[in-house]
Amino acid sequence: MSDQYDVIVIGAGPAGYAAAIRCAQLGFATACIDKSLGKDGAPVLGGTCLNWGCIPSKALLDASHKYVEAKGHLGDIGIEVDGVSIDVPKMIARKDEVVKGLTGGITALFKGNGVTNLPGTGQLLTGLQVAYQDHQGTTSTLTAQHVILAAGSVPMAIPAAPLAEDLIVDSEGALEFQTVPQRLGVIGAGVIGLELGSVWRRLGSEVVILEALEDFLPMADRRIARDALKTLKGQGLDIRLGAMVTAAEVADGEVRVRFEDGTGEQALTFDKLIVAVGRRPCTDDLLASDSGVGVDGRGFIEVDEHCATGVPGVYAVGDCVRGPMLAHKGAEEGVMVAERLAGFKPAVNYGTVPNVIYTHPEIAWVGKTEEELADEGIAVKTGSFPFAASGRALAANDAAGLVKVVADAESDRLLGIHVLGPQASEIIAEGVIAMEFDASAEDLGLTMFAHPTLSEALHEAALGVGGRAIHMVNRKAGRS
Ligand code: FAD
Ligand code: AMP
């Protein structure tokens with residue numbers, strides 16, 4: 001093992017591994033240090049996203065959705081299925097296989113691209129040095145011309161609900177249940193709480209989600225949030241807003257939870273409780289006291305718009321810096337830093353980061369909401385289109401939700417696109433592309449979409465901004 005590199009990356013989640021691979025592709029001698037160990041105790045690459053986040057949660061969301069379809073909805077379209085049952089350990093084992101395949105893929109990409117894989121812990125010292133300790137406890141000091149910090153994030157804990165064996169768990173534990181808990185509590189109706197609550201509700205749990213805020217998904221468009229809440233409640237998710245959990249304890253093999261809502265103190269008992277109250281940056285032991293890198297009060301590494309810290313040569317990307325905690329945001333930052341080190345000048349457009357919640361229907365958006373824009377004093381015009389009027393959605397028996405397009409009232413420039421509906425995660429990509437190219441609603445309206453597709457709802461919503469939607473009744477519109 002060399003002790004000198006052009007670039008050392010600490011953390012091999014989507015931000016770190018993307019940075020490391022791109023650095024190596026650009027000709028830098030690159031090493032990537034990651035401390036994660038998989039279920040079998042062996043080092044794994046891919047970070048939270050591949051091991052305990054995006055991928056395993058989507059494997060269980062997709063599997064549980066297929067179960068619900070087979071059990072409940074195939075009959076609606078003339079397919080009778082008898083004796084549908086689930087094998088939870090098999091579902092979890094298959095999820096593990098998907099994870100294994102993908103994390104192994106990163107190992108192969110490191111090898112193929114010439115990234116030196118250093119399993120163990122890294123800490124940034126002063127003077128572009130990194131203290132490296134491998135899993136056997138051997139320590140060494142490495143030096144680099146550039147260091148990229150990509151230490152990611154970990155689940156937030158709250159004193160009111162300390163984790164307990166496999167009864168009070170965080171998002172990682174919630175991906176490992178071997179049986180379906182009959183009564184499942186979830187603290188937090190954020191993205192992770194809704195996704196994990198949906199998985200276990202679909203598999204048969206009675207799920208109560210306790211959320212301290214009065215508003216549901218405050219970051220989403222109000223109409224979309226309202227419709228999503230109604231639909232998710234209709235699926236049996238008992239979402240209680242304005243319910244602040246004050247205590248949770250294990251007694252007699254059950255979890256007793258106390259919370260306060262508008263009517264006073266309440267108590268509920270569950271078989272399992274998932275704590276999904278957010279994530280915090282994983283920067284506790286990442287920086288030596290004299291590293292010189294600034295950290296804010298919440299533990300985020302301070303960086304400029306190009307992810308440079310205050311120390312020349314040191315960068316930070318992904319969940320450990322400001323901005324949404326999303327895999328694709330971190331990966332784009334990692335690639336941006338690699339390319340800037342090679343002399344190119346890319347930038348991340350933080351105004352076009354797509355957000356997706358993988359419930360069913362999915363919720364996705366890019367840009368700003370009508371409410372945010374109103375607060376900023378920006379006049380807008382909007383168009384929306386329901387999937388109930390989409391031929392493809394109706395043909396697929398999957399027609400809940402809508403697309404809403406928000407454009408500047410004067411310039412017609414797209415400012416936000418909001419989707420609740422089937423495959424919203426895919427449809428939103430079209431909105432991201434349009435906004436990345438600074439398109440107007442009219443540009444989207446003049447674009448030809450294949451028929452019949454779910455994306456036509458985006459087309460019609462964009463046409464609707466100018467009063468030109470075809471599959472809507474609008475007698476006065478469109479002579480301008
Ligand atoms: P991480 O993926 O957290 O990786 C950081 C790595 O650095 C880890 O392996 C860690 O062990 C390692 N590390 C930390 N400190 C050190 C050190 N000192 N030395 C060596 N190694 C170190 N995002 C999405 O975009 N889409 C989704 O669908 C989605 N679903 C999610 C579902 C769940 C249940 C969870 C928990 C998260 C989900 N996320 C999703 C968020 C996503 O996982 C994160 O935004 C993403 O993983 C952040 O990438 P990162 O590279 O910054 O950090
Ligand atoms: P997110 O950060 O999107 O994952 O969402 C986490 C959610 O958990 C937020 O909406 C918080 O309001 C909520 N939350 C945090 N602490 C509590 C608590 N003690 N009781 C209920 N909800 C909480």
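One-based numbering along the sequence shown. First listed ligand is number 1; within each ligand, the first listed atom is number 1.
Look at E176 and K39 and you find a salt bridge, because one of the NZ, NE, NH1 or NH2 atoms lies within 4.0 Å of a carboxylate O, short of that distance. The residues D96 and K100 are annotated as not salt-bridged, no charged nitrogen and carboxylate oxygen being separated by less than 4.0 angstrom. A salt bridge between E254 and R183 is present, with a side-chain N of the basic residue lying under 4.0 Å from a carboxylate O of the acidic one. Between K58 and E195 there is a salt bridge, with a side-chain nitrogen of the basic residue lying less than 4.0 Å from a carboxylate oxygen of the acidic one.
Checked against a 3.5 angstrom limit, the closest N/O atoms of L326 and ligand 1 fall inside it. No N or O atom of W52 sits closer than 3.5 Å to an N or O atom of ligand 1.
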Going by atom type alone, with no hydrogens or angles, which donor-acceptor pairs under 3.5 Å involve a side-chain atom of residues 153-160 and a protein atom two or more places apart or on another chain?
residue : atom : partner : partner atom : Å
S153    : OG   : R279    : NE           : 2.8
S153    : OG   : R279    : NH2          : 3.2
S153    : OG   : D319    : OD2          : 2.7

List ligand 2's nitrogen or oxygen atoms that come under 3.5 Å of a protein nitrogen or oxygen, with the partner atom and distance.
residue  : atom   : partner : partner atom : Å
ligand 2 : 10 (O) : E211    : OE1          : 2.8
ligand 2 : 10 (O) : E211    : OE2          : 3.1
ligand 2 : 12 (O) : E211    : OE2          : 2.6
ligand 2 : 19 (N) : V245    : O            : 3.2
ligand 2 : 20 (N) : V245    : N            : 2.9
ligand 2 : 22 (N) : A212    : N            : 3.0

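Within the listing of ligand 1, atoms 3 (O) sit less than 4.0 angstrom from a heavy atom of S153. Per-residue contacts place C282 under 4.0 angstrom from the following atoms of ligand 1 (heavy atoms of the residue considered): 14 (C), 15 (N).
Interatomic distance, T283 OG1 to F300 CZ, rounded to the nearest 0.5 Å: 8.5 Å.
In the displayed structure, N113 atom CG is contacted under 6.0 Å by more than 12 heavy atoms of other residues, nucleotides or ligands.
Of the heavy atoms in S57, only side-chain atoms (C-beta onward) come closer than 4.0 Å to ligand 1. Using a 4.0 Å cut-off between heavy atoms, E172 makes no contact with ligand 1 at all.
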